[in-house]
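Notes follow once the structure below has been shown.
No experiment lies behind these values; they were computed from the predicted model shown.
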Amino acid sequence: MAVTLDQTIGQKQQTWLSEKLGSQTFWVLVAVVLACIFLSFATDSFATAKNLYNITRNVTFVAIIALGMTLVIITGGIDLSVGSVLCLCSMILGVVMHAGYSIEVGIAASIGTALAVGAFHGLLIAYIGMPPFVVTLGTLSIARSLAMVASGNTVVFQFGPDHDKLLSLGGGAWFFGIANPVLYMIVLALITGFVLRWTKFGRHVYAIGGNEHAATLTGVPVRPIKVAVYMISSLSAGIAGIIQTGWLGAITTNIGTGLELQVIAAAVIGGAALAGGVGTAFGALVGAALIEVIRNSLGLLGINAFWQGCFIGGAILLAVLFDRLRKFRQSE
């Protein structure tokens with residue numbers, strides 16, 4: 001039986017629609033849009049330029065780290081150390097610049113620290129076979145302790161001769177009044193999305209998460225890829241630390257505390273499966289946006305901020321439940 005052109009187009013449209021309706025990222029995006037519409041009518045301050053500016057700027061720190069975390073989760077791993085790595089990298093940047101070195105040297109030292117931590121994670125996990133949970137849980141404590149040692153457990157708020165450059169880097173708005181952190185987030189998201197979708201490295205990442213044994217048999221360099229994704233995860237935390245330092249204008253040793261929960265939540269809510277093999281850069285951004293809208297809305301609606309953990313935890317459970325139901329339907 002011949003298939004007409006109209007039938008072929010109709011089948012493609014139906015497939016595209018079914019794919020979108022079955023996508024967790026799509027429904028989370030719908031939730032973000034509906035929440036924004038509701039809050040715009042329910043409060044007088046949500047839709048103001050100042051509040052929207054703060055939301056878009058605040059979401060970037062979680063979103064940037066969630067991009068790196070998504071790669072780790074796709075491979076079936078986890079990184080619990082990102083909050084402490086952010087703190088350590090921020091402190092290294094601050095201490096180096098406070099000692100009189102340029103912003104370029106400070107950023108290089110911070111990025112180098114992040115890559116070293118990520119390589120340490122990857123080597124222990126990929127080559128020695130230690131569980132990611134244990135390795136990164138240990139580094140969570142070690143990295144924050146090193147940050148305290150580096151700073152003498154004091155607040156760093158003077159950044160040497162390039163002090164103003166750092167504040168402009170993180171707190172400025174160089175293009176069309178858009179906060180610099182938002183621009184960095186968009187660029188990093190585009191790069192991550194391109195890598196995951198269009199490169200051999202991205203295909204290998206998905207292959208490892210889908211079936212690591214099969215990936216090994218087909219010639220995928222599993223161990224080097226695992227090291228790379230943990231380095232990327234720590235690098236994203238280091239980049240976020242540099243940006244946040246410039247935004248805040250000061251560094252304390254409790255910066256980034258508890259951030260790992262929000263980052264993992266953003267990745268999982270955005271569609272990354274903790275079992276591995278599934279996740280997108282856009283999903284990480286959408287998940288981070290939902291978390292920030294929830295956080296912002298609590299204060300505007302007069303709800304105690306202590307409920308934030310309940311909302312985020314509940315969102316994680318719903319996201320995992322959605323993923324399980326989707327897999328159950330596919331298996332039928």
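- Looking only at side-chain heavy atoms (C-beta outward), Ile78 and Ile264 come within less than 4.5 Å of each other.
- Counting heavy atoms of neighbouring residues, nucleotides and ligands inside a 6.0 Å radius, atom CH2 of Trp174 exceeds 12 of them.
- Counting heavy atoms from C-beta on, the side chains of Ser233 and Val82 come closer than 4.5 Å.
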I would like to know whether Asn153 and Thr253 meet side chain to side chain donor-acceptor pair (under 3.5 Å); could you show each step before the answer?
CA-CA 6 Å; Asn153 199 27; Thr253 51; 3.0 Å; yes
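- In this structure, the side chain of Asp79 does not engage the main chain of Tyr230 through any donor-acceptor pair within 3.5 Å.
- Side-chain atoms of Thr257 and Arg144, non-hydrogen and from C-beta on, do get closer than 4.5 Å to each other.
- Both Leu248 and Val156 belong to a common hydrophobic cluster when Ile, Leu, Val, Met, Phe, Trp and Tyr are linked at side-chain heavy-atom distances under 4.5 angstrom.
- Between Ile111 and Leu235 the shortest side-chain heavy-atom distance falls below 4.5 Å.
- Salt bridge annotation for Arg223-Glu212: absent, with no cationic side-chain nitrogen under 4.0 angstrom from a carboxylate oxygen.
- Glu292 pairs in a side chain to side chain contact (heavy atoms under 4.5 Å, CB included) with only one of the listed residues (Val32, Asn58, Thr56), which is Asn58.
- Side-chain atoms of Thr70 do not come within 3.5 Å of backbone N or O of Ala284 as any donor-acceptor pair.
- Thr136 places a side-chain N or O within donor-acceptor distance of the main-chain N or O of Leu80, the cut-off being under 3.5 Å.
- Hydrophobic clustering (side-chain heavy atoms under 4.5 Å, transitive across Ile, Leu, Val, Met, Phe, Trp, Tyr) groups Leu67 together with Val182.
- Surrounding OH of Tyr101 are at most 12 heavy atoms belonging to other residues, nucleotides or ligands under 6.0 Å away.
- A donor atom on one side chain and an acceptor atom on the other are found under 3.5 Å apart for His121 and Thr139.
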Report the C-alpha separation of Leu39 and Leu300 in whole Å, then their side-chain angles, then the decisive distance to 0.1 Å, and conclude whether the side chain to side chain contact (heavy atoms under 4.5 Å, CB included) test is met.
CA-CA 8 Å; Leu39 291 168; Leu300 297 180; 5.5 Å; no
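- With a 4.5 Å cut-off on side-chain heavy atoms, Thr245 and Phe159 count as touching.
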May I have the step-by-step check of side chain to side chain contact (heavy atoms under 4.5 Å, CB included) for Ile107 and Leu169, ending in yes or no?
CA-CA 11 Å; Ile107 290 176; Leu169 181 72; 4.1 Å; yes
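- Following chains of ILVMFWY side-chain contacts shorter than 4.5 Å, one cannot reach Ile232 starting from Ile65, and the two form parts of different hydrophobic clusters.
- Between Leu274 and Val268, the closest side-chain pair of non-hydrogen atoms falls below 4.5 Å.
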